[in-house]
Amino acid sequence: MNFSEVFKLSSLLCKFSPDGKYLASCVQYRLVVRDANTLQVVQLYTCLDQIQHIEWSADSLFILCALYKRGLVQVWSLEQPEWHCKIDEGSAGLVASCWSPDGRHILNTTEFHLRITVWSLCTKSVSYIKYPKACQQGLAFTRDGRYLALAERRDCRDYVSIFVCSDWQLLRHFDTDTQDLAGIEWAPNGCVLAAWDSCLEYKVLLYSLDGRLLSTYCAYEWSLGIKSVAWSPSSQFLAVGSYDGKVRVLNHVTWKMITEFGHPATINNPKIVVYKEAEKSPPLGLGHLAFLPPRAVAGPLSSPESKYEIAEVPVSLQTLKPAADRANPRIGVGALAFSPDNYFLATRNDNIPNAVWVWDVQKLRLFAVLEQLSAVRAFQWDPRQPRLAICTGGSKVYLWSPAGCVSVQVPGEGDFQVLSLCWHLSGDSLALLGKDHFCLCFLETEEGVGTASGQRGDHT
Amino acid sequence: MGDWMTVTDSENKNISQYTSETKMSPSSLYSQQVLCSSIPLSKNVHSFFSAFCTEENIEQSIAYLDQELTTFGFPSLYEESKGKETKRELNIVAVLNCMNELLVLQRKNLLAQENVETQNLKLGSDMDHLQNCYAKLKEQLENSRREMIGLQERDRQLQCKNRNLHQLLKNEKDEVQKLQNIIASRATQYNHDMKRKEREYNKLKERLHQLVMNKKDKKIAMEVLNYVGRADGKRGSWRTGKTEARNEDEMYKILLNDYEYRQKQILMENAELKKVLQQMKKEMISLLSPQKQKPRERADDSTGTVISDVEEDAGELSRESMWDLSCETVREQLTNSIRKQWRILKSHVEKLDNQVSKVHLEGFSDEDMISRQDHEQETEKLELEIQHCKEMIKTQQQLLQQQLATACDDDTTSLLRDCYLLEEKERLKEEWSLFKEQKKNFEKERRSFTEAAIRLGLERKAFEEERASWLKQQFLNMTTFDHQNSENVKLFSAFSGSSDRDNPTAHSRPRQKKPHSVSDGSPVCTSKLARSLPASPSTSDFCQTRSCVSEHSGSVSALNVTPEESRPSQAGRECADQKWSVASRPGSQEGCRSGCSLTYTNSHVEKDDLP
């Protein structure tokens with residue numbers, strides 16, 4: 001495992017191009033495009049103000065930089081560095097901007113969700129979509145880029161509009177039987193749309209592409225409902241994480257629940273491997289450690305090495321007592337991700353923040369649990385193989401694969417705290433994003449596997 | 001009751017008096033009693049007499065006494081008067097008799113009194129006892145009454161508590177209901193307010209929209225150096241009804257494709273499942289076919305017909321390419337036949353289980369008995385022989401002694417025969433020793449035989465156990481079709497282990513059973529194992545294992561099938577089984593007992609050339 005040098009970064013804006021050739025990152029008002037392999041700067045663009053959002057077009061030819069504060073979007077071309085485009089939303093303001101899947105249209109959401117403006121880079125035409133709903137996930141393109149589903153709110157009712165992306169024609173428009181629609185998401189095959197209600201009511205609605213309601217699902221009433229939703233890459237399962245700390249998996253044939261994954265704080269089943277991150281006591285001795293309360297202050301200079309140990313069952317995980325009187329309590333399953341090969345599902349229960357749960361989707365049971373020393377910030381699956389990268393806001397990155405688990409210290413001086421990460425398309429490298437810096441981590445496949453299995457071998 | 005009480009009280013006093021009169025022996029008590037009762041009496045009598053009769057009134061007294069006595073039925077004290085005038089004479093004899101009689105009477109009375117008193121005492125004590133009992137029972141009654149009251153009280157309290165709890169529960173339920181109602185009402189209120197707010201918000205939004213968008217905001221614009229081409233190289237098209245229709249078409253196409261894809265997948269899955277079912281069925285048929293002769297032979301009961309049905313079904317299905325049939329018919333056929341097969345298999349396994357348990361209970365002891373009988377017969381025979389020998393020896397000894405005696409009688413003859421006798425003696429001695437040796441041999445033989453019999457019994461027991469476990473395992477394994485391969489491997493290893501262990505038994509046991517065939521194992525695994533055959537050991541090992549296997553299968557067949565009925569195909573299968581047992585036992589020992597160079601891939605094997 002090799003690490004690149006550390007580059008500057010702001011606002012965690014760092015993205016690989018969809019074709020995997022380039023890496024775009026932002027430093028204040030500058031956009032830097034590097035070669036993903038050599039990390040040499042390919043292009044450097046200067047925007048008018050601090051960049052708050054970037055996005056590659058699907059064909060990797062353009063990059064969009066949104067400057068929300070100014071209500072501006074600047075678009076840069078990789079092929080023609082002198083080409084430029086600036087979209088000003090004026091006094092309407094701007095809160096979100098994204099590419100359409102064809103890479104020739106930009107969808108800008110104005111402040112207060114007054115409308116969505118569709119700007120074309122090919123023609124002068126501008127389309128407006130009124131009444132977009134201000135919600136968690138109100139805009140969803142199908143994987144093939146043909147359709148756009150948009151959550152709308154009119155006359156105190158929720159609607160979903162399906163547009164054809166090629167000419168922005170409205171294909172279907174239907175109301176959803178929700179109190180307050182919170183999000184919509186297409187199945188990867190683009191034929192089923194899942195829509196879910198806000199957390200006040202547990203409700204999942206499944207619509208066919210032609211607007212027919214396929215099914216509704218409600219697990220329970222009264223208490224807080226859905227927190228996260230994820231489709232499996234095969235479109236076969238819909239995993240719904242909720243505030244009761246459970247993931248319910250719906251199947252695509254009957255749209256009924258086939259299993260329920262609870263996240264108990266104690267793990268008794270001896271078949272489940274529980275990896276527990278443990279600090280390696282530093283060679284300096286105990287006196288040194290005594291001055292440093294663990295990990296709260298643990299600066300990168302003194303951050304101790306850590307390793308995984310296989311804990312003996314029964315294991316009880318650290319739980320967080322949620323404040324019941326506050327809004328958005330830290331309970332329930334807040335993050336869900338299927339591995340690209342459909343075999344695994346990784347989840348995080350927010351009141352057990354240090355643990356990542358990996359479920360075996362084939363056998364529909366818990367496979368492994370990773371307990372970190374601090375709260376899990378983000379995790380992402382390798383797009384090529386069942387390998388999960390996890391970061392906890394410390395100076396380490398953690399990799400899990402069915403063969404084992406490994407904790408890697410990110411080298412380099414200074415306080416490099418990994419707050420987020422993203423995989424390269426090929427799964428060969430991983431961008432680790434800190435507050436002010438980022439670096440790349442190159443995983444040579446054989447070596448990576450070797451260390452992982454070695455690690456496991458050490459402990460089993 | 002009060003009277004009674006007083007009486008008993010006095011009685012009690014009496015008794016306490018007696019009892020307080022110390023711990024004397026009953027006899028002394030008795031005597032005292034007697035004294036007590038007799039003394040006042042005598043006193044009375046004495047005083048009476050002293051007052052009654054004086055010198056002056058003898059006549060009157062006598063007369064009075066006479067009168068009294070006659071009234072009591074005694075004879076008169078006077079002699080029979082001869083004349084009226086004559087003074088009646090006192091008859092001394094009569095007086096004495098009377099006296100005597102009175103004394104006797106007195107004694108009798110005393111005795112009676114004593115008896116009565118003891119009786120009284122006894123009754124008193126009985127009474128006392130009963131009184132005690134009564135008191136105790138009364139107390140008990142009181143206690144239980146109290147207890148009952150206590151219990152009733154507790155019961156009442158519990159009921160009260162229960163009622164309270166019920167009340168509480170009801171209250172809670174009401175509370176819950178109320179809260180739910182409150183929640184619901186709040187929710188509706190909230191929704192209502194939300195709606196109101198949203199409406200306001202929408203109004204505002206609309207207004208804002210108008211303000212922001214309609215004043216020809218020059219700022220809202222896109223500056224672009226030059227328009228780029230579309231990604232697909234086409235030009236943008238006008239929106240027309242045509243495009244709308246095209247979009248619809250496309251959408252339905254996508255949906256259709258998806259459904260087709262899913263249908264294809266489902267079909268594939270179905271086919272796969274059907275295949276599995278079919279295979280399962282085949283295996284079941286192959287498993288159950290050797291078994292079917294028995295029920296058929298026994299009686300034309302339902303199972304037999306079912307099996308024949310199944311066979312027909314199987315033939316039919318294998319003839320047609322069943323996959324292409326519509327689901328309905330095939331499914332019905334398949335599920336029905338499999339259900340039938342499964343039932344048969346189940347009953348079969350149950351039967352086997354029963355048999356195994358029976359074998360454990362009875363069969364084992366039966367065989368043991370037989371062996372013991374054999375043993376006893378043999379020992380008897382030996383003993384008889386020994387007896388015979390002993391008798392012979394005895395007669396010879398007698399003869400010898402006779403001869404010796406005669407020799408003693410007649411000196412001359414003895415002298416003459418001396419040399420003779422010596423010679424004969426020598427010979428007899430020799431014979432004697434010979435007999436002794438023979439006897440010893442017999443003894444030894446007998447001992448060894450008993451030992452052998454014991455060992456045989458033990459071995460037989462072990463073998464039975466082995467067989468039972470093997471059978472069980474085999475049939476358990478047959479039931480699990482899903483994990484066929486792994487299971488079979490497992491079964492297989494278990495099998496090989498048992499065969500190894502059974503080897504000595506197999507040798508020591510008379511091999512009268514012919515190895516025939518319950519096919520164990522599925523075709524899949526047999527073929528698999530057959531592949532591993534080439535690496536297996538020499539033919540000698542083959543023979544060895546085969547013998548074991550045949551032992552096993554023989555025993556199995558003995559349970560179910562008469563060997564004559566098993567068919568060549570089964571034999572072939574059996575042969576396959578042996579194959580795998582061979583593969584599993586690489587390092588077998590002993591040599592081949594006969595030159596068996598059978599090729600086990602043939603389907604015809606059963607030559608049973610083992611002794």
Side-chain angles (χ1 to χ4, degrees), chain A residues 57-59 61-62 71 73 75 77 80 82-93 102-104 110 112-115 117 119-126 128 130-131 144 146-147 153-156 162 164 166-169 171-172 179-180 189-192 200 208-210 222 252-253, chain B residues 179-180 183-184 187 190-192 194-199 201-202 204-213 215-232 234-240 243-244 246-248 250-259 261-262 265-266:
Chain A
S57 69
D59 51 10
L61 293 177
F62 300 96
V73 171
V75 187
S77 164
Q80 302 166 269
E82 70 284 356
W83 186 88
H84 62 85
C85 170
K86 191 179 84 179
I87 303 166
D88 194 340
E89 287 290 343
S91 48
D102 64 355
R104 295 295 180 272
T110 63
F112 307 112
H113 287 78
L114 287 179
R115 66 182 186 194
T117 323
W119 300 92
S120 171
L121 297 185
C122 314
T123 60
K124 273 184 185 170
S125 73
V126 181
Y128 299 104
K130 254 183 120 181
Y131 312 112
D144 60 2
R146 258 183 228 255
Y147 301 104
R153 184 84 176 175
R154 296 178 194 188
D155 305 325
C156 305
I162 295 170
V164 182
S166 57
D167 54 5
W168 304 108
Q169 201 160 33
L171 184 73
R172 281 290 184 274
Q179 286 289 323
D180 180 17
N189 65 6
C191 291
V192 183
L200 292 177
S208 164
L209 179 59
D210 54 355
W222 304 115
H252 76 311
V253 181
Chain B
L179 284 175
Q180 265 178 354
I183 290 172
Y190 166 80
N191 283 342
H192 179 76
M194 276 294 284
K195 259 178 201 165
R196 199 162 49 84
K197 291 243 166 70
E198 205 177 325
R199 247 173 238 134
Y201 166 69
N202 279 345
L204 277 172
K205 247 167 121 176
E206 204 66 27
R207 185 104 183 90
L208 184 68
H209 195 257
Q210 276 170 9
L211 284 174
V212 171
M213 310 295 168
K215 66 172 184 186
K216 287 288 164 198
D217 193 350
K218 282 283 173 256
K219 274 178 83 182
I220 300 180
M222 184 170 78
E223 293 167 27
V224 63
L225 190 69
N226 59 302
Y227 289 106
V228 293
R230 291 171 71 93
D232 49 8
K234 286 182 203 158
R235 281 194 183 172
S237 51
W238 294 105
R239 282 190 209 172
T240 55
T243 55
E244 211 168 298
R246 208 190 57 221
N247 282 337
E248 287 273 313
E250 234 163 76
M251 180 192 78
Y252 283 120
K253 220 183 267 172
I254 286 172
L255 276 178
L256 262 177
N257 278 342
D258 181 52
Y259 281 120
Y261 172 72
R262 270 164 75 170
Q265 273 192 326
I266 286 167

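Residue numbers start from 1 in every chain, and the chains themselves are labelled A, B, ... in the order their sequence lines are given, proteins ahead of strands.
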query = Given that the side chain runs from C-beta out, which part of B:Y201 has a heavy atom under 4.5 Å from chain A: side chain, backbone, both or neither?
reply = side chain
request  = Please name all residues satisfying salt bridge (charged side-chain N to carboxylate O under 4.0 Å, His left out) with B:K195, sequence neighbours left out, ordered by chain then number.
outcome  = none
inquiry  = Using heavy-atom distances under 4.5 Å, tell me whether A:I162 contacts chain B through its side chain, its backbone, both, or neither.
reply    = neither
Portion of A:R153 that has a non-hydrogen atom of chain B nearer than 4.5 angstrom = side chain
inquiry  = If you count heavy-atom pairs within less than 4.5 Å of chain B, which of A:F112, A:F62, A:Y131 leads?
reply    = A:F112
ask   = If you round to the nearest 0.5 Å, how far is NE2 of B:H192 from NZ of B:K197?
value = 10.5 Å
message = With chain B as the partner, which of A:R172, A:E82, A:Q80 has the greatest number of non-hydrogen pairs under 4.5 Å?
response = A:R172
task = With a 4.5 Å cut-off on heavy-atom pairs, point out which of B:I183, B:I266, B:N247, B:L208 contacts chain A the most.
result = B:N247
message = Counting only non-hydrogen atoms closer than 4.5 Å, does B:N191 touch chain A with its backbone (N, CA, C, O), its side chain (CB onward), both, or neither?
response = side chain
ask   = Quick one: does A:S166's side chain get under 4.5 Å of A:D102's, heavy atoms only?
value = no
task = Side chain from CB out, backbone as N, CA, C, O: work out which of these in A:W83 comes under 4.5 Å of a heavy atom of chain B, or both, or neither.
result = both
request  = Please say whether more than 12 non-hydrogen atoms of neighbouring residues, nucleotides or ligands are located less than 6.0 Å from OH in B:Y190.
outcome  = no
ask   = Can you name the salt bridge (charged side-chain N to carboxylate O under 4.0 Å, His left out) partners of B:E223, sequence neighbours left out?
value = A:K86
ask   = Counting only heavy atoms not in B:N257, do more than 12 sit closer than 6.0 Å to its CG atom?
value = yes
ask   = Are the side chains of A:V73 and A:E89 in touch, meaning some heavy atoms are under 4.5 Å apart?
value = no
query = Taking C-beta and beyond as the side chain, do B:M251 and A:L171 meet within less than 4.5 Å on heavy atoms?
reply = yes
task = Can you tell which part of A:K130 gets under 4.5 Å to a heavy atom of chain B, answering side chain, backbone, both or neither?
result = side chain
task = For chain B, find which of A:T117, A:L121, A:I87, A:D144 contributes the most heavy-atom pairs closer than 4.5 angstrom.
result = A:L121
key: Contact class of A:S208 relative to chain B, heavy atoms under 4.5 angstrom   = side chain
Among A:L200, A:N189, A:V126, A:D210, residue most engaged with chain B (heavy-atom pairs, under 4.5 Å) = A:D210
